[in-house]
Amino acid sequence: MATFQTLPGFREFYPEDLARRNFIFRLWRQTATSFGFAEYDAPVLEPLELYKAKSGDEIEGQLFNFTDKGGREVALRPEMTPTVCRLVGAKANALKRPIKWFSIGEFYRYERMQKGRGRCFFQFNADIFGETGPEAETELIGLLVQCLCSFGLTEQDFYVRLSDRNLWFYYLGALGLDDERIRAVLGAVDRYEKYGDDAFKGYAEQFGEIEAGLKGKVLAFLQIKSLGALTSLLEPLGDERIAARLADWRKLLGNLEAMGLSRFVEVDLGVVRGLAYYTGFVFEAFDRKGELRAIAGGGRYNDLVGKLGYPELPAVGFAIGDMTFALLLEQRGLMPALVQAPDVYCVIGGADERLAALGAIQSLRAAGFRVDYPLKDVAFGKQFKAASEVGARLALIFGSDELAKGVAKLRDMNDRAEREIPLAEVVSAVRDSL
RNA sequence: GCGGCCAUAGCUCAGUUGGUUAGAGCACAUGAUUGUGAUUCAUGGGGUCGCGGGUUCGAAUCCCGUUGGCCGCCCCA
């Protein structure tokens, strides 16, 4: 006999699971809308080339790809960014700026399963196109914070680490490093938190052991936790690009402070977000306890739309993954019990009573009430038990006595009070009792 | 792709040095007689013990393989 297993890393959503998922999506959607972001959606299956163009050939091993019946190389989307760049890029000159879009979708990566990571997962994505200034970052970090706070999470639960890839480039450039070396140093920075000095091994293999003075400066830069310290270290260098960058930092942090979000945001140059395509500010949200992987991440990617063959269009975006986020909510006891209780549960005496009940049930449902009833004849006691178990607030009783009088009995399940209602007035009686 | 641990009912798990028809709790269903939510009681369905092979008179148990899961490494766009 054949038995079928769920494909490894994939998830099934039984009603309780889907209720939790919907709860999360509903709040994300509501929050994004309140920030003036418009929702979009796009195909799950994309040309493989779309991802290669962005990240190179080696990316292929990490995604679900195959050749379709038309001979096309295709892949299930591993992220939203290239797709949204295409959507925006294709109409770049027609869309009103700034372009503030969000989506909630499922993504697929061919990876090993781990806590908070599967082969399919949902992400909330938000992006702003067409704005070069830190006002865009302000909006997105504000949205990110609110997307978590909407669930009752506070600054004691999570924080956002803010960094800047441009600043690293300018600073290391001012120290005399070429682009290749800068990238290698950033690779080390990315790993330093985890591996300590071993993080510089990659650099050493490429360029020889890192010079002690340089390493010291890198580590000192990594320690910086405030705009003041950043400024006093960098201003003396007299570099114009650095000065402009510092102005952006002041603006962004000032904006966030004005939004009352300073307590969520920390300057932390240890975040560099891989090496792929980020061009300026980058940020990641983490739980304060440091037990989970990143909750959200994002940054500026001013070159990507152009790289995909569309007009140059500056962009910033971030994504929140659903798995780690749900773990965090559960850890903090912020996942509510999501029961879908009916307003009214009907108790039905027998075949004739059922006919009378069906009419009332239909009217109540048409009026928008949630109504349920037993599909088979069951003893009265069982029906009341069922009404209680499903959490109905009212029981509407159709027995032979009531039928004879042309009424139904409405019972409040909390205080157990009952009263008789003419069948014609059932809808208004229920409305009054809820 | 690599390593460690694990796999018995829908769920949590027992199962003796290898020994007859494989167990409990919870959950589910039916009933305790047909008009009121609790507790209780009885009964029942449901497992080829993840799958395949091997050792043995005999395997849930021991061995090998495989698939899947958990955790870590690599990766994390």
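Predicted model only: the values in this text are computed from it and were never measured. Residue numbers start from 1 in every chain, and the chains themselves are labelled A, B, ... in the order their sequence lines are given, proteins ahead of strands.
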Atom [atom1] of [X] and atom [atom2] of [N]: how far apart are they, to the nearest Å?
X        : N     : atom1 : atom2 : value
A/Phe380 : B/U34 : CZ    : P     : 12 Å
A/Asp127 : B/A77 : CG    : C1'   : 14 Å
A/Tyr277 : B/A77 : OH    : C1'   : 5 Å

Going by heavy atoms closer than 4.0 Å, what residues in residues 104-117 of chain A are next to RNA chain B?
A/Arg109, A/Glu111, A/Arg112, A/Met113, A/Gln114, A/Lys115, A/Arg117
Hey, are A/Tyr301 and A/Asp127 close enough side-chain-wise for a donor-acceptor pair under 3.5 Å?
yes
Ignoring the backbone of [X], work out which of [options] is nearest its side chain.
X        : options             : result
A/Pro8   : B/G35, B/G68, B/A77 : B/G68
A/Glu418 : B/U36, B/G69, B/A77 : B/U36
A/Glu389 : B/G35, B/G37, B/A38 : B/A38

Check every strand shown and say whether A/Gly9 touches a base, only sugar-phosphate, or nothing at a heavy-atom separation below 4.0 Å.
sugar-phosphate
Indicate, with a heavy-atom threshold strictly under 4.0 Å, whether A/Arg191 touches base, sugar-phosphate, or nothing.
sugar-phosphate
Between A/Phe221 and A/Trp168, ring centroids under 6.0 Å
yes
Are A/Trp249 and A/Phe281 an aromatic pair, judged by ring center distance below 6.0 Å?
yes
Residue A/Arg112 excluded, over 12 heavy atoms near CZ under 6.0 Å
no
Quiz item: A/Arg411 side-chain donor-acceptor pair to B/G35 base, under 3.5 Å
no
Does the distance from a Lys or Arg side-chain N to an Asp or Glu carboxylate O, for A/Lys251 and A/Asp248, drop under 4.0 Å?
no
Output all residues satisfying ring pair (Phe, Tyr, Trp, His ring centres under 6.0 Å) with A/Phe23, sequence neighbours left out; order by chain, then residue number.
A/Phe151
Any stems for RNA chain B, made of 3 or more Watson-Crick or G-U pairs in a row, each with both distances under 3.5 Å?
B:1-7 with B:67-73, B:10-13 with B:23-26, B:28-32 with B:40-44, B:50-54 with B:62-66
Do the non-hydrogen side-chain atoms of A/Arg332 and A/Asp287 ever get within less than 4.5 Å of each other?
yes
